[in-house]
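Below you'll find the structure, written out as structure tokens, and then a few comments.
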Amino acid sequence: MPNKRSLSRWGYVAAGLLGGWAIALAPFAAASHRAGAPTPGWIIAVTLAAALAMIWACVFATLAFRKLDEFERAASKFAWYWGGSIGFAASLPMFMFIYMGGLHWLDPARFHLGAELAFAFRLGYGLAAVSVMLGFFVGLAVWRIAKR
């Protein structure tokens with residue numbers, strides 16, 4: 001049977017995930033079906049909900065992390081750093097396949113080609129890559145300042 005510390009950790013994980021999803025989806029649940037281009041107010045509402053959802057998830061991830069012992073914390077950091085880095089690197093061939101029209105090649109009726117679509121996809125992938133690198137450098141700076 002799991003110990004109390006383990007159960008509370010998994011409770012934090014569940015609360016972070018479920019609460020984050022609920023916050024992120026709240027604008028969609030509150031609004032009726034939307035047709036046409038999104039309005040500036042809708043864009044701001046969805047963006048704020050996403051930001052609040054990430055804050056919520058980060059708070060509960062921190063609480064869950066603090067329930068780990070030293071060995072589990074080291075394992076978690078190792079897995080996030082190496083697993084996340086290798087996973088992101090492994091996504092490059094998938095990105096290139098999709099970017100170059102691979103999905104259209106597999107199912108032309110469902111997946112379309114176009115310069116705007118390719119640009120949006122490239123921008124999304126680049127945003128993830130830049131965010132990962134910026135997060136790494138901010139985390140490294142915070143760690144170095146804290147460990148002085």
Side-chain angles (χ1 to χ4, degrees), residues 9-148:
R9 180 180 72 238
W10 286 110
Y12 288 140
V13 169
L17 289 172
L18 297 175
W21 273 111
I23 293 168
L25 296 176
F28 297 97
S32 61
H33 178 70
R34 305 189 61 80
T39 64
W42 176 250
I43 293 169
I44 290 169
V46 171
T47 303
L48 287 175
L52 290 173
M54 286 298 95
I55 291 168
W56 176 277
C58 286
V59 166
F60 280 93
T62 301
L63 292 171
F65 185 76
R66 288 180 178 167
K67 291 290 183 179
L68 298 174
D69 63 28
E70 185 179 345
F71 179 78
E72 291 171 322
R73 285 183 184 187
S76 178
K77 288 186 245 181
F78 177 88
W80 274 106
Y81 180 80
W82 288 106
S85 297
I86 292 169
F88 189 73
S91 74
L92 183 60
M94 293 179 270
F95 164 77
M96 290 307 296
F97 179 81
I98 295 167
Y99 179 69
M100 297 307 296
L103 294 178
H104 177 74
W105 171 59
L106 294 174
D107 189 355
R110 188 175 208 190
F111 299 102
H112 306 284
L113 295 175
E116 282 186 23
L117 187 59
F119 177 74
F121 188 66
R122 188 176 71 228
L123 188 63
Y125 190 82
L127 177 64
V130 169
S131 297
V132 166
M133 291 307 299
L134 287 176
F136 170 79
F137 288 120
V138 168
L140 183 62
V142 168
W143 188 87
R144 286 185 173 167
I145 290 168
K147 301 300 177 187
R148 281 190 181 180

Would you name the heavy atoms of L103 and F97 that are closest together and state the gap between them?
N-CE2, 3.9 Å
Restricting to non-hydrogen atoms, name the atom on G20 and the atom on W56 that form the minimum distance, rounded to 0.1 Å.
N-CD1, 3.4 Å
From L25 CG over to F28 CZ, what is the distance, rounded to the nearest 0.5 angstrom?
7.0 Å
Counting only heavy atoms from other residues, nucleotides and ligands, does the tally under 6.0 Å from CZ of F121 exceed 12?
yes
Approximate separation, where rounding is to 0.5 Å, of M100 CE and F95 CZ:
9.5 Å
Measuring from atom OH of Y125 to atom CG of L92, what distance do you get when rounded to the nearest 0.5 angstrom?
4.5 Å
Tell me, do L127 and L123 make a side-chain contact under 4.5 Å, heavy atoms counted?
no
Atom pair CG/OG1 of L52 and T47 - distance to nearest 0.5 Å
11.0 Å
For F65 and R73, the nearest pair of non-hydrogen atoms, with its separation, is O-NE, 3.3 Å
To the nearest 0.5 Å, how far apart are CG in D107 and NE2 in H112?
9.0 Å
Measure the CD1-OH distance between I86 and Y81 for me, rounded to the nearest 0.5 Å.
9.5 Å
Heavy-atom closest pair (Y99 atom, R122 atom, distance to 0.1 Å) is OH-NH1, 2.8 Å
Would you name the heavy atoms of W105 and P108 that are closest together and state the gap between them?
O-CD, 4.2 Å
Kindly give the heavy-atom pair with the smallest separation between G101 and L113, and that separation in Å.
CA-CD2, 3.6 Å
Without swapping roles, check the side chain of T62 against the backbone of C58 for a donor-acceptor pair under 3.5 Å.
yes
